Student: 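Quick one: structure below, then a few questions.
It should be emphasised that the depicted structure is a prediction, and the values quoted were computed from it without experimental measurement.
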Amino acid sequence: MKSTIRSTDLAHLAHVELLSPKPDDSLRFFVDVLGMTESGRRGDSVYLRAWDDYEHHTLQAHRVESGRHGPRRVSGDES
């Protein structure tokens with residue numbers, strides 16, 4: 001069987017969106033534990049950046065109701 005793993009390097013990740021039913025807890029983790037700083041807010045989103053980032057933000061934490069949104073990949077006969 002041929003391997004499906006690719007050997008490439010990731011040079012830059014523009015930004016990641018985190019969907020969370022507990023955005024305040026998520027924000028506390030990214031700021032207090034990982035040391036990210038808040039770079040802005042809009043609606044239900046908080047934008048964060050890491051030290052020396054040249055982008056406005058690298059992480060967008062967005063409030064969602066639990067179970068409301070999110071892609072899923074499942075396996076099984078009924079999927």
Student: How far does OG1 of Thr58 sit from CZ of Phe30, to the nearest 0.5 angstrom?
Tutor: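 Nearest 0.5 Å value for the OG1-CZ distance: 9.5 Å.
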Student: Can you tell me how far CG of Leu59 sits from CE of Met36, rounded to the nearest 0.5 angstrom?
Tutor: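 Between Met36 CE and Leu59 CG, I get 5.0 Å after rounding to 0.5 Å.
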Student: Can you spot which of Arg63, Gln60, Glu17 makes a side-chain hydrogen bond (donor to acceptor under 3.5 Å, both in side chains) with Ser45?
Tutor: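 So, applying the side-chain hydrogen bond (donor to acceptor under 3.5 Å, both in side chains) to Ser45 and each of Arg63, Gln60, Glu17, only Gln60 qualifies.
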Student: Rounded to the nearest 0.5 Å, what separates atom CZ in Arg42 from atom OH in Tyr47?
Tutor: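 Taking CZ in Arg42 and OH in Tyr47, the distance rounds to 6.0 Å.
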Student: Could you tell me which non-hydrogen atom of Leu27 sits nearest to which non-hydrogen atom of Glu38, and how far apart they are?
Tutor: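 Scanning both residues, the minimum pair turns out to be CD2-OE1, 4.3 Å.
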Student: Would you compute the distance between atom CZ of Phe29 and atom OG of Ser20 and round it to the nearest 0.5 angstrom?
Tutor: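 If I round to the nearest 0.5 Å, the distance is 12.0 Å.
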Student: Spell out, yes or no, whether Leu18 and Val33 are grouped together once hydrophobic residues are joined by side-chain heavy atoms under 4.5 Å, including indirect joins.
Tutor: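 Yes.
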Student: Would a distance-only check, ignoring hydrogens and angles, find a side-chain to backbone donor-acceptor pair under 3.5 Å from Ser39 to His56?
Tutor: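 It does hold such a pair.
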Student: Rounded to the nearest 0.5 Å, how far apart are CG of Leu34 and CG of Leu48?
Tutor: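 Taking CG in Leu34 and CG in Leu48, the distance rounds to 10.0 Å.
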